Amino acid sequence: MRGSPGKKRYFNRSLTAENSDEIAPNRRTVLWLRRLRVMTVKEFLQFSRDWALILFMIYAFTLDIWLAGSGVKYELVNAATLVHDDDRSLESRELVSRFRPPSFDVRGQIRSTQEGIRRLDLSDAMIVVDIPPRFAESLLSGMPTAVQVQLDGSNSVLGTFAGSYVTQIVSQFGLETGLERIGLDGDKLENVPQVREEHRVWFNPNQDDRWFMSIAELLNIITLFSILLPACAMVREKEKGTIEQLLVTPVTPFQIMFPKVFSMAVVILAGTTLSLFGVLKPCFGVPFNGSLYLYYVVTLLYVFATAGLGLFISTIARNLGQAGMLAIMIYGPMIFLSGAWTPPEAMPSFMRMLMLISPLHYYIDASFGVLLKGAGLSLLRDSILGMSALGGILFGLGMWRLRTQFQ
Amino acid sequence: MKLERVFAVASREGREVVRDRLFFSMAFIIPPVLLLTFGYGLSLDVVDNPFAAVDYDRTAMSRDYLHAFIDSRYFKFKGCLENENGVFDLLASGSVRAVIIIPEHFQERLLSHRPVSVQTLIDGTFPFRAQTTIGYVEGMNRSFNTRLLSDYLAQTRGISHSRALRILDPIEVEVRYLYNQSLKSDWSLTPRLMMIVLMICPPLLTSMGVVREKETGAIYNIYASTITKGEYLLGKLSPYVGVSILNVLVLWLMAARVFGAPFKGNALFFFAASILYVICTTGMGLIVSVLVRTQVAATLITFICAVVPSVFYSGIFVPVPALSKGARILAHILPAMYYTNIVTGCFLKGIGLKMLWIDVVVLAAYAAALSSIGYFIFSKRPGS
């Protein structure tokens, strides 16, 4: 109820102002700004009354990001390994002992290959290592021998990891025993031509998956809200018919639309702050290497660009059901064409073209750039330009559609 | 419960869905579109990783070392740098994801039989990709070393190259990937993506259907009529379940035909299990729609609550045993994991009811529990 006396006063004043011809230009600007303010206050009020939505936003920006960040490790952890050792020699036991945690979890011996297959079927094991009889004998006498490995390939990512780790462990073991056999071990290796590979991982030295996952999820949430909230704020007016009331007031389409986008942008930035300082930093220790101001500017730019998309949806949809469906329909592809999960070079070329028109693609580059890599404005130029161009087009398009629908 | 009333509500609801052209077409377009974009867009194969090199040595051997990377299909060569000054900008802007730095005297040290270090800088933004890249780099380095060592042995010990190689690499590793021989990420992902899509769409449809009536006030007609809760809910939900069952068929066909994932299990069993799952997710939509008032809230809540837990805690990317303890408990609480087991079992492994019966029982229990919770919290006499 607090808002209504103010609104009334404003209404009267605007009527008198509109009727007199001798308004000073600066007074007109003040009036224009005041209308904008009243409309913005209205949007905030309307948002603050939807308790379910507010609670849910808090959930999305905190717990949801925490869930996404803490659940997933793209590593081979505790891979259940079974060994079928037909040799039972010192060498075969030495080889098995090299399958160590945290990557491998050797769950013991099995009697036959069939048992291994059965337990792979049951998802009870992931790797079955098969060491042939007379393994040690061949190894020590220089005869070739083979180790068979059966892997559950139904998860291709972990299958790849497991395959390459197992191969590496067995070859390394072979190399060492081979060198030992010809008397090259210990200090003598210093006099052997060898390339030592030393890698350093930048921007995330411990390869903490939580950093990537939590930031990626934050970007997803920002995207979802900045499409849906403005779109729904607009469609709700259409569905309830209140848009007709707005149309007979002196406010312009811009004054109707901009406050919706602006208020939702403020809400989204507040949510972003909550998750940056409530989840990302304290829970996952994500370092903010770049300038946070720059990150906020980039986010604001992105929210406006995406909100343009939302407004465009709102001009197509006639009710909220349609708007929600359309938003999800655009959101899904956007997430997967963003380049976070799949780099552009791994995509078919037509998908790569589509990526260029996804604002999220630019935003993801910029966000990871600022937050993890500490990139400055000069490195983000392309992303920012791309986002501004797309944002301008989308916003302009939404605006134009709305204008034509209003008239 | 009178069946006529159920039919009346169901046919009215069905008509409403069909008459809203956009909503109707979206109900059938969204699931395939999601499956297509997820399926094509979510390729976790790491190929053509862009890299640059700093070669301080510039000799035949250093070029030879780099050529292993340049010729590999896992890496894409972007050019040589004069020195390390521009490395940060290149990595930070994302134009390359790895830089190989070969020191001076690389060839000289190797020819005089001494070890030498090569440094690789890797962009760790996406740890999974970094991990895979490290694996490739190590592999290439290993094969270069094997060549070096066999040359060395052949030279110093006077044995043939092939014998030297046999000494260095005595064990052959035969890796066989069961269920997915060539480790196609399409094969392993698309069937499971069905689980995600069916987690998103049915609750979305349902919650929007129910909340629409609440928001427009049409639900007061129901409150005022003689129809019972059960009749109303059954009639209301059945068209949505119907739409979702059709979608199951479409998605199934797409996974098998478009993405070529092999279906090895029993079709009837899989279909029945999928219907159970769809009833489960529809029930979730019902609960959300009873709890919220506006359609925006309903859309957002079903979407986010459905997607994140079901993507990350269902064993799609990471098998459940590898999750942390808390996450593992969460995975067991949600229905997504059980359906994932069924999907993987039916598609890739070709196992049936005999091994998957626990998952089916849990899903059935879920379907029953969710519907009855929805039934009990839905009230025809809501407090204002």
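Basis for what follows: all heavy atoms, side chains included, without hydrogens, waters or symmetry-related copies. Labels below follow one simple rule: chain letters A, B, ... track the order of the sequence lines, proteins then strands, and each chain is numbered from 1. Just so it is clear, the structure is predicted and the values come from calculations on it, not from any experiment.
Contacts of A:Trp211 with chain B are absent, with no heavy-atom separation under 4.5 Å from either backbone or side chain. Looking at B:Leu291, there are no atoms closer than 4.5 Å to chain A (heavy atoms on both sides), in backbone or side chain. For B:Ala298, no part lies near chain A; criterion is any non-hydrogen pair under 4.5 Å. With a threshold of 4.5 angstrom between heavy atoms, B:Arg97 approaches chain A through side-chain atoms but not through N, CA, C or O. The part of B:Leu204 that comes within reach of chain A is its side chain, from C-beta onward, which places non-hydrogen atoms under 4.5 angstrom from that chain. In this structure, the portion of B:Leu34 lying under 4.5 Å from any heavy atom of chain A is its side chain and not its backbone. For B:Val116, the parts lying under 4.5 angstrom from a heavy atom of chain A are both the backbone and the side chain. Neither the backbone nor the side chain of B:Asp151 comes within less than 4.5 Å of any heavy atom in chain A. Contacts of B:Phe23 with chain A are made by both backbone and side-chain atoms, with heavy-atom separations under 4.5 Å. For chain A, the nearby part of B:Thr344 is the side chain; its heavy atoms alone come within less than 4.5 Å. Residue B:Phe88 touches chain A through both its backbone and its side chain, counting heavy-atom pairs closer than 4.5 Å.
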Check step by step if side chain to side chain contact (heavy atoms under 4.5 Å, CB included) holds for A:Tyr59 and B:Ile301. CA-CA 10 Å; A:Tyr59 164 81; B:Ile301 292 177; over 6 Å; no

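Taking the side chain as every heavy atom from C-beta outward, B:Leu300 and A:Met57 never approach each other to under 4.5 Å. Here the side chains of B:Leu91 and A:Phe203 are in contact, with some heavy-atom distance below 4.5 Å. Counting heavy atoms from C-beta outward, B:Thr133 and A:His199 have side chains that stay 4.5 Å or more apart. Taking the side chain as every heavy atom from C-beta outward, B:Asp123 and A:Lys373 approach each other to under 4.5 Å. Within the 4.5 Å cutoff, the side chain of A:Met325 has heavy atoms near those of the B:Leu205 side chain. By the 4.5 Å heavy-atom criterion applied to side chains, B:Phe126 and A:Asn204 are not counted as neighbours.
Under the 3.5 Å distance criterion, the side-chain polar atoms of B:Arg142 are left unmatched by any main-chain donor or acceptor of A:Ser171.
Residues forming a ring-ring contact (aromatic ring centres under 6.0 Å, His included) with A:Phe47 (at least two apart in sequence, or on another chain): none. With sequence neighbours left out, B:Asn141 forms a side-chain contact (heavy atoms from CB on, under 4.5 Å) with A:Val195, A:Glu197, B:Tyr65, B:Asn145.
More than 12 non-hydrogen atoms from other residues, nucleotides or ligands lie less than 6.0 angstrom from CH2 of A:Trp202.
Heavy atoms only, all atoms of each residue included: B:Ala130 and A:Val201 are closest at CB-CG1, 4.5 Å.
The CZ atom of B:Arg176 sits 7.5 Å away from the CD atom of A:Gln148 when rounded to the nearest 0.5 Å.
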